[in-house]
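Side chains are part of it too, since the values below use all heavy atoms of this structure and drop only hydrogens, waters and symmetry mates. Labels below follow one simple rule: chain letters A, B, ... track the order of the sequence lines, proteins then strands, and each chain is numbered from 1.
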Amino acid sequence: MTYRVGTRVRVADRPHEGHHRTPGYVKGKTGRVERMHASFTNPETRAYGANGLPAQRLYLVGFAQRDVWPDYRGDARDRIYADVFEHWLEEAE
Amino acid sequence: MNDHDHEHPHAAITNGDEPAAAARARALEELLLEKGVIRREDVRAGIDWLVSRSPADGARLVARAWADPEFKARLLADARAAALELGLDPGPSPVVVAVENTDAVHHMVVCTLCSCYPRALLGPPPNWYKSLPYRSRAVSDPRGVLTEFGVELGDDVEVRVLDSTADIRYLVIPRRPAGSEGMSEAELASLVTRDSMIGVSAPQSA
């Protein structure tokens, strides 16, 4: 499933044993696809000597800071962006 | 009969003065050499390449972008191609994406998971960039961190933190300072600091 720019997406809130590049603070959070990057080899398998294939599409996802940190002190418009691989994303309602 | 039951204290096992991380890196290197995965020359060449990189390259990109709006558009669209256009080495695989600071939006870059950084264009990252306090506070309290770096932003400026969690490296095009009108590209480049391309300082025209 490919997510177009502007799509509201939720980052899967699942435990993952071993190396992965999805930071804990965005797991379970809903944001917006800001950019669709290229596809890259999967670091979760590459880290253990495999070739990382199939490659996974990478997205820049933007989150409202106040959605990520409930007591965020800055402006309501402030945003935090993270690059998240497609297999960590699901479409949000 | 056990004559060594660990009821008595041992001296702590240490690496002498060598930090644990350095000992681990050395052990990994020796193993990779022994198994023929890498060669000693590869390690040396990699280190030589890394320390030969400098923020002067990034500053040239920013100065050209300030001087030439069409180049800025190309830099924002494809930073790798823009670097090659200036004869700069954008490095191996990681994709560089440039983002622009404006009157309305301020970007700053962090790598919360490790120390991802556009090394090809900025050289080795500063130690604070790799420190736990920066990596944790840049995402949760960016305005507080910016204040400590001396950047005062108005409430009307939106702060965007970019966490480079994967294969993309982010380069900030800072705002061109007032008073820099009429400067040559070389003079402009001298205003562009490393920290301003991470997004934690603002270039000043002296």
Side-chain angles (χ1 to χ4, degrees), chain A residues 5 11-12 16 18-27 29 31-47 49 51-52 55-89, chain B residues 28 31-32 35 37 76-80 92-99 102 104-116 118 132 135-148 151-170 172 199:
Chain A
V5 169
V11 181
H16 184 98
H19 181 72
H20 62 303
R21 303 290 308 180
T22 307
Y25 66 85
V26 298
K27 287 183 183 175
K29 305 293 183 185
R32 176 182 184 274
V33 172
E34 301 293 338
R35 285 174 189 246
M36 186 194 281
H37 298 304
S39 295
F40 296 92
T41 50
N42 187 346
E44 293 159 24
T45 55
R46 212 181 57 218
N51 60 13
Q56 292 288 331
R57 173 75 69 177
L58 186 65
Y59 297 87
L60 180 65
V61 183
F63 306 85
Q65 284 279 27
R66 288 185 178 178
D67 288 345
V68 174
W69 316 105
D71 40 7
Y72 182 73
R73 293 189 297 160
D75 192 271
R77 290 169 307 166
D78 288 359
R79 301 179 74 73
I80 170 88
Y81 295 78
D83 285 324
V84 183
F85 284 98
E86 191 166 280
H87 63 288
W88 279 91
L89 297 176
Chain B
L28 271 172
L31 258 178
L32 291 166
K35 290 180 179 292
V37 177
L76 289 167
D78 185 345
R80 182 180 183 82
S93 54
V95 177
V96 182
V97 169
V99 293
T102 66
V105 176
H106 183 96
H107 296 87
M108 64 186 276
V109 182
V110 62
C111 172
T112 57
L113 299 178
C114 47
S115 57
C116 297
L132 281 175
R135 286 160 52 199
S136 54
R137 292 189 52 223
V139 285
S140 60
D141 182 23
R143 286 177 184 265
V145 171
L146 287 170
T147 300
E148 289 167 30
V151 178
E152 295 295 342
L153 297 174
D155 288 340
D156 52 339
V157 179
E158 176 185 333
V159 172
R160 296 183 183 171
V161 179
L162 291 155
D163 187 358
S164 30
T165 46
D167 297 71
I168 311 297
R169 303 292 173 266
Y170 292 97
V172 175

(request) Would you check, one step at a time, whether the test side chain to side chain contact (heavy atoms under 4.5 Å, CB included) holds for Arg73(A) with Arg143(B)? (result) CA-CA 8 Å; Arg73(A) 293 189 297 160; Arg143(B) 286 177 184 265; over 6 Å; no

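- Not a single donor-acceptor pair under 3.5 Å links the side chain of Gln65(A) to the backbone N or O of Val159(B).
- Leu58(A) and Asp167(B) get closest at one heavy-atom pair: CD2-N, 3.9 Å.
- Without hydrogens or angle criteria, Arg21(A) side chain to Thr165(B) main chain gives a donor-acceptor distance under 3.5 Å.
- Side-chain contact of Asp163(B) with Tyr25(A): a donor-acceptor pair under 3.5 Å is present, judged by distance alone.
- The two atoms that bring Val157(B) and Asp78(A) nearest to each other are O-OD1, 4.1 Å, heavy atoms only.
- Contact of Pro43(A) with chain B is not made at all, since no heavy-atom distance falls under 4.5 Å.
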(message) Applying side chain to side chain contact (heavy atoms under 4.5 Å, CB included) to Tyr170(B) and Leu60(A), what does each step give before you reach the verdict?
(response) CA-CA 11 Å; Tyr170(B) 292 97; Leu60(A) 180 65; 3.4 Å; yes

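- For a residue to count as touching a neighbouring chain, one of its non-hydrogen atoms must lie under 4.5 Å from one of that chain's; by this rule Ser140(B) touches chain A with backbone and side chain alike.
- In this structure, chain A has a heavy atom under 4.5 Å from the side chain of Val99(B), while its backbone stays farther away.
- Two residues are said to be in side-chain contact when any heavy atoms from C-beta on lie closer than 4.5 Å; Tyr81(A) and Ser164(B) fail this criterion.
- Between the side chain of Arg77(A) and the main chain of Asp156(B), a donor-acceptor pair closer than 3.5 Å is present.
- Listed for the Trp69(A) side chain is no donor-acceptor partner under 3.5 Å among the backbone atoms of Asp141(B).
- For Asp155(B), the CG atom sits in a loose shell: 12 or fewer heavy atoms of surrounding residues, nucleotides or ligands are nearer than 6.0 Å.
- Of all the heavy atoms in Leu113(B) and Thr22(A), the pair that sits closest is CD1-N, 4.5 Å.
- Proximity to chain A is limited to the side chain of Val97(B), based on heavy atoms less than 4.5 angstrom apart.
- Atoms CD1 and OG1, on Ile80(A) and Thr112(B) in that order, are 7.5 Å from each other to the nearest 0.5 Å.
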